[in-house]
Amino acid sequence: AVPQRVIDAAAEFGGLDALVSNAGLSIPSPLLNAKLADWDTIFNVNVRASWLLGKAAHPLLKQAGGSMVVTTSLSASNATAPLAAYSPSKAAARRLVRQMALEWGPDGIRVNGLSPGLVETPGTAPVYADPASRKQREGRVPLRRIAQPEDMARALSFLVGPDAAYVSGTE
């Protein structure tokens with residue numbers, strides 16, 4: 001399986017201190033029009049992949065006293081239309097983080113979620129290119145600015161680093 005091959009490759013480099021499960025997928029559709037195959041694909045990418053990757057990495061993370069971070073979403077607690085499967089899948093990913101933290105904490109493994117919020121990426125650039133849309137979205141953020149990927153990288157660095165040595169099961 002792919003997750004095991006990824007972890008085996010990491011083992012060849014001497015181990016694994018941190019693991020980030022950052023895959024995410026959304027296929028816009030309201031619930032009544034959602035296709036079963038799309039629903040399953042979204043849950044497979046947004047939840048199942050993190051579980052399988054973490055499960056495969058567990059022995060190496062245990063050996064290193066390592067950390068895992070799963071990318072979740074603000075949509076985990078706020079239903080987002082027309083993203084029928086996305087919001088429920090990210091809610092499941094959030095709960096998976098807490099389950100892993102609970103079960104794997106005694107093994108010395110910390111597991112946390114990172115919920116990026118509004119981030120400007122190549123995929124969201126068209127939305128933020130429109131000044132009215134950008135201003136409206138910036139108004140929803142207390143800092144009145146859209147996050148940049150570097151903002152997420154710094155948060156991620158904190159979560160996997162030694163300054164967060166007692167942080168687990170949170171988002």
Does atom [atom1] of [X] have more than 12 heavy-atom neighbours, drawn from other residues, nucleotides or ligands, at distances under 6.0 Å?
{"X": "Glu120", "atom1": "CD", "result": "yes"}
{"X": "Arg48", "atom1": "CZ", "result": "no"}
{"X": "Trp51", "atom1": "CH2", "result": "no"}

Step-by-step side chain to side chain contact (heavy atoms under 4.5 Å, CB included) determination, Ser29 to Asp38: CA-CA 9 Å; Ser29 173; Asp38 291 346; 5.9 Å; no
Single hit among Ile109, Ile7, Asp17 for side-chain contact (heavy atoms from CB on, under 4.5 Å) with Leu60: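 In the set Ile109, Ile7, Asp17, the residue that makes a side-chain contact (heavy atoms from CB on, under 4.5 Å) with Leu60 is Ile7.
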Result of checking Thr170, Leu114, Val70, Thr71 against Val97 for side-chain contact (heavy atoms from CB on, under 4.5 Å):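 The side-chain contact (heavy atoms from CB on, under 4.5 Å) with Val97 is passed solely by Val70 among Thr170, Leu114, Val70, Thr71.
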From [atom1] ([X]) to [atom2] ([Y]), nearest 0.5 Å:
{"X": "Leu25", "Y": "Asn46", "atom1": "CG", "atom2": "CG", "value": "6.0 Å"}
{"X": "Asn78", "Y": "Ser87", "atom1": "CG", "atom2": "OG", "value": "8.0 Å"}
{"X": "Met100", "Y": "Asp107", "atom1": "CE", "atom2": "CG", "value": "12.5 Å"}
{"X": "Leu52", "Y": "Asn44", "atom1": "CG", "atom2": "CG", "value": "9.0 Å"}
{"X": "Ser115", "Y": "Arg94", "atom1": "OG", "atom2": "CZ", "value": "6.0 Å"}
{"X": "Lys135", "Y": "Tyr128", "atom1": "NZ", "atom2": "OH", "value": "16.0 Å"}

Worked verdict on Asp151 versus Val119 for side chain to side chain contact (heavy atoms under 4.5 Å, CB included): CA-CA 9 Å; Asp151 295 313; Val119 182; over 6 Å; no
Donor-acceptor check, side chain of [X] to backbone of [Y], threshold 3.5 angstrom: yes or no?
{"X": "Ser89", "Y": "Val47", "answer": "no"}
{"X": "Arg110", "Y": "Val167", "answer": "yes"}
{"X": "Asp40", "Y": "Ala37", "answer": "no"}
{"X": "Arg140", "Y": "Leu118", "answer": "no"}

Step-by-step side chain to side chain contact (heavy atoms under 4.5 Å, CB included) determination, Lys90 to Tyr86: CA-CA 6 Å; Lys90 287 301 187 173; Tyr86 183 76; 3.6 Å; yes
